[in-house]
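Position 1 is the first residue of the sequence, and the numbers go up from there. In this text the structure is predicted, and so the values were computed from the model without any measurement. Both counts, for ligands and for their atoms, begin at 1 and track the order of listing.
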Amino acid sequence: MDYDEERDVYICKNQKELRVTGTKFEKTKTGYKREKTLYSCEDCKGCPYKTSCIKGNNSKIPMEERTKHLEVSKLFQKKRTEDLTRILSEEGCQLRMNRSIQAEGSFADTKEDMSFRRYLCRGGQNVLAESTLLAIAHNINKLHHKIQSEKTGQHLFELKKIA
Ligand code: SF4
């Protein structure tokens with residue numbers, strides 16, 4: 001649905017407005033408190049999109065008499081928009097690209113290049129010690145490579161731009 005921020009209304013597929021009818025406060029299982037804004041459609045009578053628009057087949061009210069209701073957490077919407085802006089920004093794209101190279105690449109390096117296929121020790125403490133040694137060895141390798149290619153001080157790969 002389209003949202004008219006100025007008037008705080010949603011416009012549905014049938015060009016009807018869903019206006020604010022109230023506010024609801026909820027607490028999740030983890031104790032997080034959230035505020036939701038409730039919207040209701042002005043008139044859903046005779047709408048051809050009703051069966052796909054209104055969910056929940058267990059309602060005792062017949063479909064002809066039902067009206068579309070929406071519950072929206074404005075804080076969630078705001079955070080989601082901010083997240084999307086960050087993810088799609090140039091810095092966000094660079095961080096995502098680097099994450100895929102650096103995190104996934106480390107597994108490939110240790111498993112393929114360093115031929116690490118199985119732990120030699122048993123027990124949590126020993127496995128942790130072996131993992132730590134492996135990580136140190138991997139980091140030394142990486143540092144050596146950076147020194148050789150004169151890339152020290154450069155933490156992120158540059159984003160390749162399409163001309
Ligand atoms: S059911 Fe109501 S809210 Fe949904 S499309 Fe039809 S008029 Fe709009």
Within this structure, what is the OG1-CG distance for the pair Thr21 and Leu38, rounded to the nearest 0.5 Å?
5.0 Å
Identity and separation of the nearest protein heavy atom to atom 3 (S) of ligand 1
Lys68 CB, 3.4 Å
Within this structure, what is the CD-SG distance for the pair Glu65 and Cys44, rounded to the nearest 0.5 Å?
12.5 Å
With a cut-off of 4.0 Å, which atoms of ligand 1 are near a heavy atom of Asp43?
7 (S)
Got the closest protein heavy atom to atom 2 (Fe) of ligand 1, with its distance?
Cys44 SG, 2.4 Å
Within 4.0 Å of some non-hydrogen atom of Cys47, the atoms of ligand 1 are 1 (S), 5 (S), 6 (Fe), 7 (S)
If two hydrophobic side chains count as joined below 4.5 Å and joins carry through other members, does Val20 share a cluster with Leu70?
yes
min-distance protein heavy atom vs atom 8 (Fe) of ligand 1 -> Cys12 SG, 2.2 Å
Got the closest protein heavy atom to atom 4 (Fe) of ligand 1, with its distance?
Cys53 SG, 2.4 Å
Angle between ring planes, Tyr3 versus Tyr10, binned at 30° and 60°: parallel, tilted or perpendicular?
tilted
Under the salt bridge (charged side-chain N to carboxylate O under 4.0 Å, His left out) criterion, do Lys33 and Glu26 qualify, and how do the steps go?
CA-CA 6 Å; Lys33 289 176 192 161; Glu26 284 178 347; over 6 Å; no
Keeping the roles fixed (side chain from Lys151, backbone from Gln148), state whether a donor-acceptor pair exists under 3.5 Å.
no
Lys16 heavy atoms, cut-off 4.0 Å: which ligand 1 atoms fall inside?
7 (S)
